[in-house]
Amino acid sequence: MISVVKKAIIPAAGYGTRSLPITKAVPKEMFPVWNKPAIQIVVEEAVEAGIEEILIIVSRRKNVIIDYFDRSVELESHLKKVNKSHLLDEQEPPAVNIHYVRQPYARGLGDAVLLGKSFAGNDPFAILLPDDIIVNGKTSGLSQLVEIRNKHKGNVLALKEIPLERLHKYGVVKAEQKEESLYKIMDIVEKPLKDPPSRMAVIGRYLLNPDIFSYLEQVKPGAGGEIQLTDAIRMLIKDQPCFGKVIEGKRFDIGSFEEYLALNEYMYQNGQKS
Ligand code: UTP
């Protein structure tokens, strides 16, 4: 896929409170999805969409993510010694440059993304939330956004229709339909407690212009006392076009235990292909 978007930010510094007690020891982003950690599936999705540089936002308790994407020299020499060299390819770090920065306090997704300001510079960039796993589309989740960006320019958000009773957990958009599965976003409300503007919610893939950072710097703590990315996007879309693409494929939020189990069941049934 040819894309002008070469950079991606993967925020992975949250506490994973919905998944306690396991997240006391194992970051949610490292939960196994079949035999790979969730964050690896998301890194592979980014690479498939043409991303060349990734910034992962970590925290003090997430060094295991940094170790995971590094070489393991001991393991490599052990595999050679016991004639299991055929397993070496699977241990190769992904073909992409990965950078890391620590978020000192988990102040919210917007605060985490703001740490990527100098990484992004003047370039458009993707955001992939590693707890949202998208499978079974014709192309990957991020590639579907890149296609829209290539055709229509502007910012692009991934959308999914969500049942009414669960909409209060999402950023919900007010949007005008342009084509099948493509919307122009007019407004967005974070976690609406009543009267959601539509059934279309934003899920964890975004393509944004770097102008988002100046809005993020103005955002005050919102829903849940956190700096919300949605609040900055809301300001951005007043000034720039923003599209919503209804993502083809199944999406699993691994912060929900039921969806996490359903994802692994899906991998089992479908030959572990993401
Ligand atoms: P979530 O809200 O889904 O993750 O954020 P969480 O806060 O870790 O989990 P719960 O809701 O308490 O169970 C989406 C992504 O953004 C990251 C998280 O690590 C997750 O991958 N995030 C969230 C940050 O990097 N920093 C934050 O301050 C908040």
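Source: prediction; values computed, not measured. The first residue in the sequence is number 1, and the count goes up from there. First listed ligand is number 1; within each ligand, the first listed atom is number 1.
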Strictly by ring pair (Phe, Tyr, Trp, His ring centres under 6.0 Å), give each pair with a member in residues 49-81 just once, sequence neighbours left out.
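Qualifying pairs: none.
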
Listing request: all ring pair (Phe, Tyr, Trp, His ring centres under 6.0 Å) pairs with a residue in residues 96-127, at least two apart in sequence or in separate chains.
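For residues 96-127, and leaving out neighbouring residues, the ring pair (Phe, Tyr, Trp, His ring centres under 6.0 Å) pairs sorted by first residue read His99-Phe119, Phe125-Phe213.
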
Non-hydrogen atoms closer than 4.0 Å to ligand 1: which protein residues do they belong to? List them by chain and number, please.
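Close residues (ligand 1, cut-off 4.0 Å): Pro11, Ala12, Ala13, Gly14, Tyr15, Gly16, Thr17, Arg18, Lys28, Glu29, Gln103, Ala106, Arg107, Gly108, Leu109, Ala112, Pro130, Asp131.
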
Can you tell me how far apart CG (Leu128) and CD1 (Ile56) are? Round to the nearest 0.5 Å.
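Rounded to the nearest 0.5 Å, the CG-CD1 separation comes out at 10.5 Å.
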
Looking at Glu179 and Lys151, is any side-chain nitrogen of the basic one under 4.0 Å from a carboxylate oxygen of the acidic one?
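Judged by the 4.0 Å cut-off on N to carboxylate O distance, Lys151 and Glu179 do form a salt bridge.
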
For residues 118-131, which residue pairs qualify under side chain to side chain donor-acceptor pair (under 3.5 Å), counting only residues two or more places apart or in two chains?
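Counting only pairs at least two positions apart or across chains, the side chain to side chain donor-acceptor pair (under 3.5 Å) contacts touching residues 118-131 are Lys7-Asp123, Lys28-Asp131.
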
With Tyr260, which of Phe31, Trp34, Tyr266 fulfils ring-ring contact (aromatic ring centres under 6.0 Å, His included)?
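Among the candidates, only Phe31 passes.
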
